[in-house]
Structures are given as structure tokens and as C-alpha cells.
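Any value given below was found using the heavy atoms of this structure, including those in side chains, with hydrogens, waters and symmetry copies removed. Quantities reported herein were computed from a predicted structural model and do not represent experimental measurements.
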Amino acid sequence: MLVTPEIQQTFNQSKRIVFMTGAGVSTASGIPDYRSKNGIYNGISLRPEYLLSATAFAREPEKQYQFMIDNMYFPHAQPNIIHQKMATFAQQGRARIVTQNVDDLHVQANTPQQHLVRFHGSLYDVYAPKDQKRTSWQNYMQSMYRQDGALLRPAITFYEEVPFDVEQSVRWVSEADLIVVVGTSFQVYPFAGLLQYAQKDRPIIAINLEYIHTPFPVQQVIGDAVEFFEEIHV
């Protein structure tokens, strides 16, 4: 059992929960994470920090596009119990979610829009930088160019770019009475640095398959987040 009575009581007493989620939240939906031995970064010849960078988009957009299409798009994936339970907390007005994930499964789980920050954007929000006009992700999966030849890209945070809604994320973390970190190796900044804005007396719980290295005072639950969220009572 991963949810101890003390953890359940902490959830029960909390009214301003912030869930901070990473790729491990979506693996149970069939989407691989990035850095594990089965992750999408494993075995690629180019550094992922380059391949998914603004520089690569400027210099080698075809190579970047092919990597994203081959490894990052899972349009038929469905939310799992983690997304669903978090969405229920948010629907009750008791939680907000700041996610690194670009798969939109938090959206599909009916998380209220006002309670969700997609810190690294969405693969399914596609536009042409030339004129900022949107197009469908279905069109993008067929070609990285619009019919008039304009280059397309998803509205995700490439390396070297600033994430979305940083100030709002900082405010949410600073207002939280419980912070729950789920499914992230906590190696990507500024996302990992958001914890510096947590009030010092507020509990922080991390649920991951492996221990995460962080300078912040985190209670670490080592185990499957699916099991944890099956056990937690809303």
C-alpha cells in the first residue's frame, strides 16, 4: 500500500493542491517517457537537447519533425487513473495542475481549463511561425509544410525557449497547501525550480518509480503512481 493513513489525511485536509506532473504520468496510457531505458531518448544519435531545440528547428527542421512524428505523437492514447483522479480534484476546486506533458491527456480527462497549466505546451496545437495561423495536427502529421509552403511547428517549448504561463505556475505553487510531484525525473528547469516558491511549512510529496534528487524537502513515495492514485480517496 502506497497511500498511508497520514498521506490520505494530508490530502483530505488540503484545499489548494498543486499537482506537478511529468512523462511518467502518461506511461500507463501507452506513451513512453523520455529518459528511462525504454524512453524515447534512448538510442538516438543526436542529443535530445539539440534535437528538440529552437536551434534544430532553425537549422534542421526536417530532422526534428521526423523525430517528433515518429516518437512523440500518440493521438489515440487515453487518460489513465492518474489523470482522472487529478481531474476530479480539480473539478472539485481543490487542485491545480502544472504539467510538463505535451500530450493533452490532462485536457482529455476533463481538467477544468482554469485549473491547468501546460508548462511545455501541446503537440496538438500547431501553427505557422510565419503568420501565427493555426492548422490541425492531422495536417501536420501529413506534412511539416502548409499548402502555401509555410513551415509548421507545434506550440511546445523547445529547448532554449521560455515555457508557458511561468508566472501563473509560480503563483499557484506559492499558494499551495500541498504539492504533489508525479512521474518526473525533475531534471528539466525551470519546471523543477518551481518548488523554490513553495511556502516552507507546506508538505511536498513525490510519487515516482525511482528516487529523485532535489534540494527541496520532499517526502518521496517510491512506487507506481497508478497504484497510488487507485488508492487515494478524493
*Does the side chain of Leu116 come within less than 4.5 Å of Thr99's, by heavy atoms?*
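Thr99 reaches Leu116 side chain to side chain.
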*Are Val181 and Val218 side-chain neighbours, meaning at least one heavy-atom pair lies under 4.5 Å?*
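No, their side chains stay 4.5 Å or more apart.
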I'd like to know if the side chain of [X] and the backbone of [Y] have a donor-acceptor N/O pair within less than 3.5 Å.
| X | Y | result |
| --- | --- | --- |
| Tyr73 | Leu123 | yes |
| Asn208 | Thr184 | yes |
| Gln132 | Pro129 | yes |
| Ser26 | Ser29 | no |
| Gln64 | Ser53 | yes |
| Thr88 | Gln84 | yes |

*asked:* Is it the case that the ring center of Tyr124 lies less than 6.0 angstrom away from the ring center of Tyr140?
replied: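 Ring-ring flag for Tyr140/Tyr124: false, centres at least 6.0 Å apart.
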Flag yes if more than 12 heavy atoms outside [X] fall under 6.0 Å of its [atom1] atom; otherwise flag no.
| X | atom1 | result |
| --- | --- | --- |
| Gln114 | CD | yes |
| Tyr145 | OH | yes |
| Gln147 | CD | no |

*Determine, using the 4.5 Å side-chain heavy-atom cutoff (strictly less than), whether Phe164 and Tyr127 are members of one ILVMFWY cluster.*
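Unlinked, Phe164 and Tyr127 end up in two clusters.
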*Contacts of type side chain to side chain contact (heavy atoms under 4.5 Å, CB included), residue Gln219, not counting sequence neighbours*: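 Scan of Gln219 (side chain to side chain contact (heavy atoms under 4.5 Å, CB included), adjacent residues dropped) gives Ile7, Ile205.
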*Using the test salt bridge (Lys or Arg N to Asp or Glu O under 4.0 Å), find all partners of Asp70 that sit at least two apart in sequence or belong to another chain.*
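Asp70 satisfies salt bridge (Lys or Arg N to Asp or Glu O under 4.0 Å) with no residue once adjacent residues are dropped.
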_Holding to salt bridge (Lys or Arg N to Asp or Glu O under 4.0 Å), I want the full list of residues that pass it with Arg134, two or more places apart in sequence or in another chain._
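Arg134 satisfies salt bridge (Lys or Arg N to Asp or Glu O under 4.0 Å) with Asp125 once adjacent residues are dropped.
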*Can a salt bridge be assigned to the pair Arg118 and Asp165 using a cut-off of 4.0 Å between side-chain N and carboxylate O?*
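Asp165 and Arg118: not salt-bridged.
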*Does a donor on one side chain sit under 3.5 Å from an acceptor on the other, for Asp33 and Thr27?*
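Side chains of Asp33 and Thr27: no pair found under 3.5 Å.
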_Minimum-distance pair of heavy atoms, taken over all atoms of Ile179 and Ala198_ =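 The pair with the smallest heavy-atom distance is CD1-CB, 3.4 Å.
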